[in-house]
Structures are given as C-alpha cells and as structure tokens.
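Report on the following structure.
Counting starts at 1 for both ligands and their atoms, in listed order.
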Amino acid sequence: MKDELTCCNAESEPALLIERIETYPLLFRPKQPYGDANGYKEYRSCYLIRIVTTAGVDGWGECVDWLPTLDVGFRQRVIPFLLGKSAANRLALVQAVKKWHQRAAAAVSMAITEIVAKWAGMSVCELWGGRLHAQVPVYASMQSYIDQADWQAQSLSRVEQALNAGFSLVKVKIGGKPIADDQAHIEKIISLAGRRAQIALDANQSYDVATARAWERCFLRWQEQIAWLEEPLPVVLAHADQYSLLRQSLSVPIAGGENLRSAEEFLPFLRAGGLDILQPDPLHHDGVEAFRSTLDTSRHFGVRCSPHTFDGGLARLYALMAVALQPAWSKMPGEEIEPIEWDVMENPLTQLFAVSVRNGFAAIPDGIGIGITPDMAIIRAYAWDGSSY
Ligand code: MG
C-alpha cells in the first residue's frame, strides 16, 4: 500500500521512469495467401515494443501498420519523446504519441499500462477495477477466400475443424465473389454447422443497401443460425443513415466499426440506430483507454460490443481483459458477455502471447501485469529483415 505522499510523487518514481524501449518488428508470409473481399493477404505482421523503466519494470505493447513506417516513427520520434518520461502520466503520453502516429498509440498505451500495473503489484484487470468474468467467449474467425478452384471445399474443411475444436460461433467472408457463389458457399456452411454453431458473415464493406438486402431471402431461411452480418456497407460517417435503413429491413443483427478510432467515431452510427453490435479494435483505437471507452459507450447506448482483434496476439489479450470488466449485456445463461474474435488462420504471430482457449472460451490470466510473457522463440523466428514487402 502506497501512502498519499508517495502517490503524489509517482511522476519521479524510478519504477515508472522510462529508460529503454526495445522494438520487435515481426513479419510472417503464409504458404497459401488467404483473404476476404479486400483481396488476398500475402503477409501478416505486428510491431512489438518492450518499455523498460529505470528500476527494471517492463511492459509490452503492440501495434500494426506497414513496418517501415512504424519503424521510422518509433526510432525517430516516439522513442526519443518517451525516454525519461514517467509512465504515471500515461494518458498525456498516449495523447502526444497518437498525434504523430495514431497506430503507435496502441503499443505505447499497452506497455505503460502494464508497467503501472506491475508497479502497483496488480494485474491489468485489477488496475482497471477488477474483472467481472473469469473467462470470455471467443469465436473462430476465418478468411474464406484462397486463389484456388476448390476454395469452397477448403473453407468448409476449416469450418469443420473449428466446430470440432468446440467453437460455437464461426465468422466467414462474403462480398468477394458474385453473390450467387457466396450464397452457395454459406448454404453449405449453414448445413454443416447445423445446431452446433452460429455463423457470422463479414462482407468487408462490399455492398450497397440493395445488394445487402438481397441476402434477406437467405436470412429468413437461416435466421437462427446467423449471428450477425458484418460491415455490409462502407463504414463512413456519410453512410450512417444507410446503415439505419438496412438495419430496419434485415432480420439479422448488423455489426461493424473495426476501423474506427474512438467512441466519438461510433456516435453517428449509434445516433442513427445503424448498428446492433459495435466492433472496436484495440489496434485501431487511440490506445487501450479509448478502446475501453468504446466498450462503455456500447453499454450506455444499449447495444452489444464484440471486439475485432484479427491482428495481434497482445491486442486480443487486452480486448479479453477489457471485456472481462464489462457488465453482462443479458440475463440469458451462457450469453452474459459478447465474444471476441479469434484468428484461426495460419499465423504464428497470434501465438506470441499464449492464452488458453477451451470449447470456445478464453481464460483471463490472473498474474501481475498481463500475466503472460511473450514467446521469444516466435519473436526470433519471425523478425522482420528490414526489407520492403
Ligand atoms: Mg470485419
């Protein structure tokens, strides 16, 4: 327990003064590129940082963007700015960093949050107020398209693997093929899943209202098996009323917002009544505190919040911890808390921070800080060589 005087002087506390920042840019190229309506992913990447204080307290952070841009940004501006600063002032530090490089704010906010939690002898959840849930549901998230004639068969095989692993919710892609091909593909998945799992459909902003409404004939047949329709339209302020129109004419929930940066950017969609489920991503938001603010905002507006965490093993751990603090959104047994996205595609970077998942639930680590240290073998194996890609 720290006395009042110590707390007031936390700014000069050696345990919180930033002395060193290590960077770990990581790149992985899948053998078979996979994708969605935006094309095939030839690579997966993340930029890890480790901030160490004068007294040796450390914290890990993660962000995503094109690695050469992030690397220059950290080396030339973010790191020189942070050295000698106190992690006690984490909101001010994150505000300054986000002005120069918005994506870097996520990494810095995670790392200094962990430092303060370790200094206080608490887990990050305890620092934030203490968790309400010991485990959080996760859903299997897939990239359905590959550049092969048998893409549908391979997609079905991945869905089957997820069902066998105990997932009760699977997200697959639409919007990248002619609608008849996509509907034939989803029909097979619906039939395969049966009563075992619900299916979420992600269109990655492919359609207009009329095309999205063409799915309603299918939804009326599949209704109970569709968890949500994700981002059928572009998620831009100008289209908030289009989302509202669509939401009123479809029989399934509409989800979206993975690229928005703050609760403020969700407001036009909330005011228009355009979304049933908010999908903030900790890596796209202005730091983890901004991410938590969006989670709270969803509760204030009475809509669900199911975070997007496709990139980043550490980001999804932070999403798990933040969701574990949220009050239940329903009183239905087994549906107290919304699920978090779980990338099940070939991507070793998601294994950097090992969180155990069993039957579609992830256990929240209990240790000091984030309760987990990264797998250094993965960091060494996928170190980016500095080349353009
Ligand atoms: Mg999406």
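Separation of the Tyr318 and Trp60 ring centroids does not fall under the 6.0 Å cut-off. Ring-centre distance between Phe266 and Phe301: not below the 6.0 Å cut-off. The six-membered or imidazole ring of Tyr24 lies away from that of Trp384, with a centre-to-centre distance of 6.0 Å or more.
For the Mg ion (ligand 1), the neighbouring protein N/O/S atoms at less than 2.8 Å, given as residue and atom, are Asp202 OD2, Glu230 OE2, Glu258 OE1.
With sequence neighbours excluded, no residue forms a side chain to side chain contact (heavy atoms under 4.5 Å, CB included) with Thr373.
Side chain of Gln95 to backbone of Leu91: no donor-acceptor contact under 3.5 angstrom is found.
Between Tyr145 and Trp151, the two ring planes are perpendicular [angle over 60°; tilted spans 30° to 60°].
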